[in-house]
Amino acid sequence: DNGLLYAEKYLKHYPSEAHSYTLVARCYKLNGDYSKAKEFWEQALVLEMDNVHYMVEIVTQEINLGNFTEASEQLEEALLSCKTDEHFYSIYETYNVLYSIQGRIKDAITSHSKALDYQEKFQNPLDTSIHRMIQAHQYQSINQKEKAIKIIDYEVKKAIDNSNMSSLN
């Protein structure tokens, strides 16, 4: 793999930059070597201890490796490092993935809803409304069809109200 060779050369020239380790980590991840990818994300995190993105990548590799307990523990730790709405969004989205893979649908829905609450603070509200409508189908899988319908109705009304307000400006 030429990508990995170039990433390793870059790392050799810039061993004190976290970015160097992330390049190698991405190559291993793309090749399906999640254990090696995790090692390089961890090395990047040593250089940038408060980088929530690196923490999420480590958790993602743990999930890929089937290490769900470790992933959950690391997410708890990562929550302590969150400083922005984007960080919280990223952590709760990763919880959503973890819980979905484990078949913990109610927990996945709760985590995804929390993620969207944070997303709404930094992204276009219409985008978040669309995501909430897409998520609503999950309620059907836990026999809460009425809740799904209420969510969709509410988000459609909110989107219409937002578009009416923006047309006034």
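Note that the numbering runs from 1 along the sequence shown for the chain.
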Novice: Hey, is E120 close enough to K158 for a salt bridge, meaning N to O under 4.0 Å?
Specialist: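 Counted as a salt bridge, because a side-chain N and a carboxylate O are separated by less than 4.0 Å.
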Novice: Calculate, to the nearest 0.5 Å, the distance between atoms CD1 and OH belonging to I105 and Y99 respectively.
Specialist: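 With rounding to 0.5 Å, CD1 (I105) is 12.5 Å from OH (Y99).
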Novice: For a side chain to side chain contact (heavy atoms under 4.5 Å, CB included) check, start with the C-alpha distance between D50 and K83, then their side-chain angles and the critical distance, and finish with the verdict.
Specialist: CA-CA 9 Å; D50 61 344; K83 295 181 178 99; 3.3 Å; yes
Novice: Between L45 and M55, is any pair of side-chain heavy atoms under 4.5 Å apart?
Specialist: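 SC-SC contact between L45 and M55 confirmed.
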Novice: Is there a continuous path of hydrophobic side-chain contacts, each under 4.5 Å between heavy atoms, that joins V156 to I130?
Specialist: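 Yes, one cluster joins them.
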Novice: Report the C-alpha separation of Y89 and K121 in whole Å, then their side-chain angles, then the decisive distance to 0.1 Å, and conclude whether the side chain to side chain contact (heavy atoms under 4.5 Å, CB included) test is met.
Specialist: CA-CA 10 Å; Y89 167 78; K121 296 175 184 179; over 6 Å; no
Novice: Not counting sequence neighbours, which residues clear side-chain hydrogen bond (donor to acceptor under 3.5 Å, both in side chains) with E77? List them please.
Specialist: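 E77 satisfies side-chain hydrogen bond (donor to acceptor under 3.5 Å, both in side chains) with no residue once adjacent residues are dropped.
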Novice: Of all the heavy-atom pairs spanning I151 and R132, show the shortest one and how long it is.
Specialist: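 Here I151 and R132 meet closest at CG2-O, 3.8 Å.
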Novice: Could you tell me whether the side chain of Y92 reaches within less than 4.5 Å of the side chain of N96, counting heavy atoms only?
Specialist: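 Counting from C-beta outward, N96 and Y92 never come under 4.5 Å.
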Novice: For a quick test of reading the model, state the closest non-hydrogen atom pair linking A25 to W41 and the distance between them.
Specialist: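 Answer, listing the atom of A25 first, then W41: CB-NE1, 3.4 Å.
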Novice: When clusters are formed by joining ILVMFWY residues with side-chain heavy atoms under 4.5 Å apart, either directly or through shared neighbours, do V52 and I63 land in the same one?
Specialist: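 Yes, V52 and I63 fall within the same hydrophobic cluster.
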Novice: Could you state the interatomic distance from OG (S81) to NE2 (H87), rounded to the nearest 0.5 Å?
Specialist: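 Reported to 0.5 Å precision, the distance equals 9.0 Å.
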Novice: Using the test side-chain contact (heavy atoms from CB on, under 4.5 Å), find all partners of T110 that sit at least two apart in sequence or belong to another chain.
Specialist: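 Partners of T110 under the side-chain contact (heavy atoms from CB on, under 4.5 Å) test: K114.
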Novice: For S111 and Y95, work out which heavy atoms get closest and say how close.
Specialist: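 The answer is OG-CB, 3.5 Å.
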Novice: Output, in order, the C-alpha distance, side-chain angles, deciding distance and verdict of side chain to side chain contact (heavy atoms under 4.5 Å, CB included) for F88 and D117.
Specialist: CA-CA 10 Å; F88 283 105; D117 289 345; over 6 Å; no
Novice: Would you call Y54 and M49 a side-chain contact if the rule is heavy atoms closer than 4.5 Å?
Specialist: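 Not touching, per the 4.5 Å side-chain cut-off.
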Novice: Is it the case that the side chain of Q135 and the backbone of I109 share a donor-acceptor pair, with hydrogens and angles ignored and the cut-off at 3.5 Å?
Specialist: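 Yes: the side chain of Q135 pairs with the backbone of I109.
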Novice: Would you kindly confirm whether L126 and I134 end up in one hydrophobic cluster when ILVMFWY residues are joined by side chain heavy atoms under 4.5 Å apart?
Specialist: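 Yes, same cluster.
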Novice: Show every ring pair (Phe, Tyr, Trp, His ring centres under 6.0 Å) that has at least one partner inside residues 126-158, sequence neighbours left out.
Specialist: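 As it turns out, there is no ring pair (Phe, Tyr, Trp, His ring centres under 6.0 Å) pair with a partner in residues 126-158 once direct neighbours are skipped.
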Novice: Just how far is it from atom CD of E155 to atom CE of M133, taken to the nearest 0.5 Å?
Specialist: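 The CD atom of E155 sits 6.0 Å away from the CE atom of M133.
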Novice: Would you compute the distance between atom OG1 of T128 and atom CD of Q119 and round it to the nearest 0.5 angstrom?
Specialist: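 The OG1 atom of T128 sits 3.5 Å away from the CD atom of Q119.
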Novice: Counting distance only, does the side-chain N/O of S100 pair as donor-acceptor with the main-chain N or O of A108 below 3.5 Å?
Specialist: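 No, because the side chain of S100 does not come within donor-acceptor range (under 3.5 Å) of the backbone of A108.
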Novice: Checking the side chain of S141 only, and the main-chain atoms of Q138 only, is there a donor and an acceptor separated by less than 3.5 Å?
Specialist: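 Indeed, once roles are kept as given, a pair shorter than 3.5 Å links the two residues.
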Novice: I would like to know whether T69 and E73 meet side chain to side chain contact (heavy atoms under 4.5 Å, CB included); could you show each step before the answer?
Specialist: CA-CA 6 Å; T69 301; E73 289 169 358; 3.5 Å; yes
Novice: Working to the nearest 0.5 Å, report the span between CG of N64 and NZ of K29.
Specialist: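 Between N64 CG and K29 NZ, I get 7.0 Å after rounding to 0.5 Å.
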Novice: Report yes or no: do Y21 and L23 belong to one cluster of Ile/Leu/Val/Met/Phe/Trp/Tyr joined by side chain heavy-atom distances under 4.5 Å?
Specialist: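 Unlinked, Y21 and L23 end up in two clusters.
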Novice: Could you grab the distance from atom OG1 of T22 to atom CG of L11, nearest 0.5 Å is fine?
Specialist: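 It is 10.0 Å, given to the nearest 0.5 Å.
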Novice: Are E57 and T94 packed together at the side-chain level, in the sense that at least one heavy-atom pair is separated by less than 4.5 angstrom?
Specialist: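 Contact flag for E57/T94 side chains = no.
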Novice: Flag yes if L4 and F40 sit in one hydrophobic cluster, no otherwise; membership is Ile, Leu, Val, Met, Phe, Trp, Tyr, and two members link when side-chain heavy atoms are under 4.5 Å apart.
Specialist: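 Per the 4.5 Å side-chain linkage, L4 and F40 are co-clustered.
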Novice: How about S90 and H53: do any of their side-chain heavy atoms sit closer than 4.5 Å?
Specialist: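 S90 does not reach H53 side chain to side chain.
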